[in-house]
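Keep in mind that this is a model prediction, so the values were computed, not measured. One-based numbering, in listed order, for ligands and for the atoms of each.
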Amino acid sequence: MAKPTYEGYCETKPTKLIKEKFGDTNVYAQNAKSLLTKANGFINAYDFTLNPYRGCQYGCSYCYAAAFSPNTKMRQDWGKWVIYKENAAETLLKELQKWYTKNPQRPPKIYMSSVTDPYQPLESKHQLTRRLLEVMLDVRDNNHPTPTLVIQTRSPIITRDIDYLQRFQRLRINMSIPTGSESVRRDFEPRSPSIKARLNALSKIKKNIDNFKGFVPKISITITPLLPTLVTDEIAFINKLSIADRVVIQDFHPTYNRSLIASTRPEAEEIKQKYAWWYQNQQFSYMKFKDKLISQLTGVEIKEGKDGFGYE
Ligand code: SF4
């Protein structure tokens, strides 16, 4: 079958038209053949990855997922287009039914999401992720155990779904906060929510879910990739991380000029020049920050890279 072509990103007649604009983002709608993708590589501890959207409005300068864009032009324009999977809920339902027919008592382990943010701004309107949570929870009505779920996001919109989140027996929320300095955040990820908003979201989740209301989720803060934090912000930032039970650090992915291989975008390489005090000896900066995490945070697991991304 011919690959779809997207209005604004092709020379010939597009097969997918811009359905709406959301801010400065072109939004396209498309039916997905499947929602659950066999997990491999970095997250092979899971059965599946689940991406409700393709593309991501946050458009972070270092995002490795841009390499999985439909074409080169869209890769360069990462952050300015999103495809939402119109039939996501129905497709997931069918796939889960198939899984539970084969494994009635073994819940799948699902990582949501590997190449998009399931709570990017568009989610506030389309509620695709919310409907997927609903589908995952409905399986309990058929006496199947609810999936083990890890949600990776940097968005406070996740707090909208506390009513559903607290019904997952095995849930980990990974909140991405790669730096403790707002100015650094603005340089590397200018379209994303503030650090404060992300920490407040975790605090709201913790305050609103207790053992009487539901199952308390595990909480990780993923400092991935580890960006510089200004010396003046460092102590306060590390103290705030104690809201999580796990902190994960990791360096940038390498930069490749190839599609379909996780790769740091060239934009981030340029921004790094501004932070030479950190990057001229990146390995040293990384180790120094890691040592500070270990000495300052008690009762919080400190993990690195792949090791930190599992549910357990
Ligand atoms: S939020 Fe995640 S998926 Fe979206 S652009 Fe940033 S790093 Fe990429």
J.: Would you mind telling me if ligand 1 is within reach of the side chain of Cys60, the backbone, both or neither, using heavy atoms under 4.0 Å?
T.: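 Answer for Cys60: both.
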
J.: Is the count of non-hydrogen atoms from other residues, nucleotides or ligands lying under 6.0 Å from Lys73 atom NZ greater than 12?
T.: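 Counting other residues, nucleotides and ligands, NZ of Lys73 exceeds 12 neighbours.
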
J.: Does the side chain of Ile110 come within less than 4.5 Å of Val150's, by heavy atoms?
T.: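 They are not in side-chain contact.
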
J.: Check for me whether Gly59 has a heavy atom closer than 4.0 Å to any atom of ligand 1.
T.: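 So Gly59 counts as touching ligand 1.
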
J.: Pull out every atom of ligand 1 sitting under 4.0 Å from any heavy atom of Tyr58, numbered as shown with elements.
T.: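 Heavy-atom distances to Tyr58 below 4.0 Å select 1 (S).
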
J.: Please work out, at 4.0 Å between heavy atoms, whether the side chain, the backbone, both, or neither of Arg154 comes within that distance of ligand 1.
T.: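 Side chain only.
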
J.: With a cut-off of 2.8 Å, does Cys63 put an N/O/S atom close enough to atom 6 (Fe) of ligand 1?
T.: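 Coordinating: no.
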
J.: Is there a side-chain contact between Glu134 and Tyr164 in this structure, where contact means two heavy atoms from C-beta onward sitting under 4.5 Å apart?
T.: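 Glu134 vs Tyr164: side chains touch.
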
J.: Mind checking whether Trp78 contacts ligand 1 via backbone (N, CA, C, O), side chain (CB onward), both or neither, at a 4.0 Å heavy-atom cut-off?
T.: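 It is the side chain that touches ligand 1; the backbone stays farther off.
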
J.: Among all protein heavy atoms, pick the one closest to atom 4 (Fe) of ligand 1 and tell me residue, atom and distance.
T.: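 Result for atom 4 (Fe) of ligand 1: Cys56 SG, 2.3 Å.
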
J.: I'd like to know whether the aromatic ring centres of Phe309 and Phe42 sit less than 6.0 Å apart in this structure.
T.: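 Under 6.0 Å, so yes.
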
J.: A quick test of your reading: do over 12 heavy atoms of other residues, nucleotides or ligands sit less than 6.0 Å from NZ of Lys85?
T.: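 Yes, because the 6.0 Å sphere around NZ of Lys85 holds more than 12 heavy atoms from other groups.
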
J.: For atom NZ of Lys213, decide whether the heavy atoms of other residues, nucleotides or ligands shown that lie under 6.0 angstrom number more than 12.
T.: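 Above 12, so yes.
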
